[in-house]
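In what follows, a structure is listed as structure tokens, so that the remarks can point back to it.
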Amino acid sequence: MRIATWNVNSITARLPRLLAWLESTGTDVLCIQETKCSAEQFPYDELRELGYEAAVNASGRWNGVALLSKVGLEDVVAGLPGGPDYEGVQEPRAVSATCGPARVWSVYVPNGREVDHAHYVYKLGWFEALTAAVAGDAAGARPFAVLGDFNVAPTDEDVWDPAVFVGQTHVTPAERAALTSLREAGLADVVPRPLKYDRPYTYWDYRQLAFPKNKGMRIDLVYGNAPFAKAVSDAYVDREERKGKGASDHAPVVVDLDV
DNA sequence: ATGGCCGAGGTACTCGGA
């Protein structure tokens, strides 16, 4: 089974590339972030024609997540149970379902904006609720994984120049400790291989030629429990999808499982 | 080739992204 995660930065803007990519890769399950669409705008029909069922948690121009599956989509939960509000709103940042042999979450963790900003406090609270919500499945015998845009670079090796990020979000000890807590709950960082260069970055800013210069970050992560991690036969970042006109600023992370 | 931001809402420009 092939499972992947991709922050598409608007499913409407990305639809032609998304459909072509799904067909060319034969992906069975895709976790999508930043759909940036309302529930009504979601392209169910186009995806159904390619054989995908969809579970969607989306409410407009910001955020929004989805799960696509060709191998079944059962017991869908929209949202993060026990998750915090931001400015009084439960934002659409999580959706989970059982896809064939695996239980899967698609998550779009809050950005945080600036260290100690209210959004940063929200980000840490969101991680805390996520860890509590997944603890049971993480310790279970069924293959289980949380995939998505975690908005944290796990180590200094996961940013193109650590000096540039000093004092900024995505690299702080508190954010990295949140990832450590997830690992302590039983999830392992399934690190993909890069298709070029030495580091498996998944995000490159649109500005200042960041992609051609490989000024990237690894912030799109696959956190799987032991049965999931044991089944991984390959994992890679599809940087080809970051090329050219009409690309997202994130590349897909693809994981092949023997299940 | 991979090239100096992009997308949504709404129709000027602001917000969010990391």
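Computed from a prediction, not measured in an experiment: that's the story for all the values here. Naming convention: chains lettered A, B, ... in sequence-line order (proteins, then strands); numbering from 1 in each chain.
Among the atoms of the strands shown, none is found under 4.0 Å from any heavy atom of A:Y120. Among the heavy atoms of the strands, none lies under 4.0 Å from A:F165. No engagement by A:S248 is indicated, since no non-hydrogen atom pair under 4.0 Å with the nucleic acid exists. When heavy atoms are screened at a 4.0 angstrom cut-off, A:N111 is found touching base atoms of the nucleic acid.
Comparing atom distances between the A:D149 side chain and each of B:dG17, B:dA18, B:dG9 picks out B:dA18 as nearest. Of the candidates B:dG17, B:dG16, B:dG9, B:dG9 carries the atom nearest the A:R61 side chain, counting heavy atoms from C-beta on. Comparing B:dG17, B:dA8, B:dG9 against the side chain of A:K36 picks out B:dA8 as the nearest.
Looking at heavy atoms from C-beta onward, A:R239 lies in side-chain contact with A:W204 at the 4.5 angstrom threshold.
Taking 4.0 angstrom as the limit, A:N151 places a side-chain polar atom (N or O) nearer than this to OP1 or OP2 of B:dA18. Proximity of A:S10 to the phosphate of B:dA8: a side-chain N or O atom is located under 4.0 Å from OP1 or OP2.
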Open item on the list: Go through it in stages, so that I can follow the logic: the residues are A:Y52 and A:Y44, the test is side chain to side chain contact (heavy atoms under 4.5 Å, CB included), and I'd like the CA-CA distance, side-chain angles, deciding distance and then a yes or no.
Closed with: CA-CA 8 Å; A:Y52 292 94; A:Y44 288 101; over 6 Å; no
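Here the options are A:Y86, A:Y108, A:Y122, A:W62, the test is side chain to side chain donor-acceptor pair (under 3.5 Å), and the partner is A:E91; only A:Y122 passes. With A:R218 as reference, A:V191 is the one residue of A:V237, A:V159, A:V191 to meet the side chain to side chain contact (heavy atoms under 4.5 Å, CB included) rule. In summary, of the residues considered (A:L221, A:D238, A:T202), a side chain to side chain contact (heavy atoms under 4.5 Å, CB included) with A:V253 occurs for A:T202 alone.
To the nearest whole angstrom, the two P atoms, one in B:dC5 and one in B:dG10, are 27 Å apart. Using atom C1' as the reference point in both B:dA18 and B:dC6, the two lie 14 Å apart (nearest Å).
Per the geometry, CD belonging to A:Q33 stands 14 Å off C1' belonging to B:dG17, to the nearest Å. Put simply, CZ on A:R93 is 7 Å from P on B:dG17, counting in whole angstrom units.
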Protein-nucleic acid N or O pairs under 3.5 Å, nucleotides 2-4 of chain B:
unit_1	atom_1	unit_2	atom_2	d
B:dT2	O2	A:P212	N	3.4
B:dT2	O4	A:K196	NZ	2.1
B:dG3	OP1	A:G244	N	3.4
B:dG4	O3'	A:Q208	N	3.2

